[in-house]
Amino acid sequence: MTPAWLAPRACSVIGAAHRRQGKPCQDASLSAELSGRNGEALQLLAVADGHGSSRSWLSDRGSALACREAERAVVEALQRTPLGDTTTWRHLLREGLPATIQARWQAAIADDWRHQPQNADPLEPVTYGCTLGLVLLAPQWWGCTGLGDWDLVAVHRTGDAALISQEESLGARAAAEATASLCLPQAAGLCARRAQLQPLAAHPQLRALVLSTDGVRKSCASDADFLALCSQVIDLDDPQQLEHGLEQITRQGSGDDVSLAIGRRAQPAAGGRWPRRAGLALSLGSGTVALATALVAGSRLLQRPAPRPDPVLQQQQALCADPSRIRANLTPRRAQLLQLQRDPTLGQRLLAAPERDPLGALLARSQRSPLRACPPLEQHLATLWRDAGGKMPAAPPRPDERPPAGSRPAAPGSR
Amino acid sequence: MPFPNVRLSNRPLHFIYLCDCSGSMAAQGKMQALNQAIRQSLPGMAEVARENPEARVLVRALRFADRAEWHLEQPTPVDHLQWRDLEAGGITAMGEALERLAGVLQSPPMEERALPPVLVLISDGQPTDDFETGLATLMRQPWAQKAVRLAIALGHDADLEVLQQFIGPEPPGGGRSPRRPLQASNATSLAQYIQWASTAVVGAASMPASQVQGATSGGNIPLPDLPPTVLDPTDDVGPLVW
């Protein structure tokens, strides 16, 4: 059976201005392929944009936690709700998911705050304030929800693109650069305005959906340029090209952090001719199999929650199951890598509570000992450590590997 | 396949001086001091613009005396700017100046993606026309609402009340604040405030952080601290020159 959607992708890149100012990337994004009861496939795209002001000084963590908790909330909903029940999913997008995500995010930031040096002060949610945009891609429909200044563009088979969701004007009295935020008490209620569920049957011309943070649109000279960007970016096959393109966008544009998440419909094999993008899915065939295996394993873990798995190992396996996520997830962590280089206690804190920030804990672990992860992950980590002026411990050779005689052990991926 | 080749653009940051050119500005060298302060601030402003390539700093100036008219009408990149001296003479058509300003803060000509403009009103006296109507016209423009509005009062005859109305609600508590009129009592403090507005404020406005909906207590953008002045503006003793 032809899948409704091709493998999703997401990428966040630190803004040129933030890089210059030594600030972390305050955007976060993810794409995930989820599996429900009876093996129903649901894809998730998410972008979150931390406010970044002095009041929101942990908003880089807030945006990462927002994406993480959104994914967990969708996974839970998927276990309970068949995708064919569009009435319930419509309600979930309007009310259920926003309320759950907000509650989970509040709990997550409270937990994170307890580990901050200033934790004696009461937590103000604005400290972690961020926007959040979610898109769900089901076999028969797509839906979205969220709040803040993200944009959602539909690209049609004709090549036309149209903005189908943007933040409504907050009015002339709103402050400059004002946006709705997950830190607002009424955040869940605000999501209802952006929620929608659309049957695919009613939109046969839909080819792709592009979700982006405001930095992308503000970097384009006009909305026409933004829509042209969205209509063309979906044809990029190389995730590295997407990342480099986003770096160019922020450098020549707004200087803000930029995130894109892309969901593409699989085209029917009309006349026995596979469209170009279907080739991508085929070329990732082995990765898809690995991902399916991981999802099956994941669903088993859901059924048998104890014993608790190692969050770092889980993170490692998830990235290795879908290598296209490695770069997208690790690149925004460059600032954290530099912090790990500078502050040895950060690694200890991350490893002491790996469930709070599994990816951060993975970075900390990679600083201390060989991971024995898949080669793409090891290579990317080695590159990041090298760029950060450090070096990842070399993995000892696997039993089936022998280094050439006389060669020096080197970090995986080192050139 | 290459990455899409679409037009990218940094964001325009409009910086607009509104300068009182009434006859009283000729007294005690105020006009000369203002011209000198603006001219001397340009290299620093250009440097800040270079350090923030994501913003395209564009300067304009509006003068008001018997009438309000553009002194520098075209939005001019700061590194291309040659300051032409303002001259004093006439009364204080501040209300008309605000109406003229409202005309350029409409969209269009304001760009959709512009950064919040920075508006600096400099005056040594009281409006002689309908200030209230001018201000109301200005504040109907969303870009005026979103602008960073600063005011510099020259000497003790300046009408602090109207300058505060231009800035917006006075912040609670006392003390120095960029959201109160900055009181320049001599050429040195005027130069310091002009320098601060054209460098520190431009830097802050070049890369504003997002603000949470409904949280306007901090102004449109968080403003940098005021420069230390020779004479504290809240202090009513000292060598008041103007």
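Note that the structure is a prediction, hence the values are computed from the model and not measured. Letters go in sequence order (proteins before strands), and every chain restarts at 1.
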Contacting moiety of A/Arg20, where chain B heavy atoms sit under 4.5 Å: side chain

Side chains of B/Phe3 and A/Leu242 in contact at under 4.5 Å (non-hydrogen atoms): yes

Partner chain B: residue of A/Asp223, A/Asp256, A/Asp238 with the largest heavy-atom pair count (under 4.5 Å): A/Asp223

Structural part of B/Glu111 lying under 4.5 Å from a heavy atom of chain A: neither

B/Met207 side chain reached by A/Gln21 side chain, heavy atoms, under 4.5 Å: yes

B/Gln213 side chain reached by A/Leu190 side chain, heavy atoms, under 4.5 Å: yes

Residue pair A/Val233 / B/Pro4: nearest heavy atoms and the distance that separates them: N-CG, 3.6 Å

Among A/Gly52, A/Ser181, A/Ser53, A/Cys220, residue most engaged with chain B (heavy-atom pairs, under 4.5 Å): A/Cys220

Side chain to side chain contact (heavy atoms under 4.5 Å, CB included) assessment of B/Val212 paired with A/Leu184: CA-CA 8 Å; B/Val212 179; A/Leu184 291 168; 3.4 Å; yes

Full working for salt bridge (Lys or Arg N to Asp or Glu O under 4.0 Å) between A/Asp214 and B/Arg113: CA-CA 11 Å; A/Asp214 68 324; B/Arg113 287 160 173 71; over 6 Å; no

Expected output: side-chain A/Arg55 to main-chain B/Gln211 donor-acceptor under 3.5 Å: no

Closest-packed option against chain A by number of heavy-atom pairs under 4.5 Å, given B/Asn5, B/Asn10, B/Leu8, B/Val6: B/Leu8

Option in A/Ser222, A/Ala224, A/Ser59, A/Gly50 with maximal non-hydrogen atom pairs under 4.5 Å from chain B: A/Ser222

Per-residue contact mode, B/Asn52 against chain A (heavy atom under 4.5 angstrom): both

Which portion of A/Ile249 sits near chain B, non-hydrogen atoms under 4.5 angstrom: both

B/Glu54 side chain reached by A/Gln252 side chain, heavy atoms, under 4.5 Å: no

Within 6.0 Å of CD in B/Glu161, more than 12 heavy atoms from elsewhere: no

Test item: A/Leu229 and B/Arg7 side chains (from C-beta on) under 4.5 Å apart, heavy atoms: no

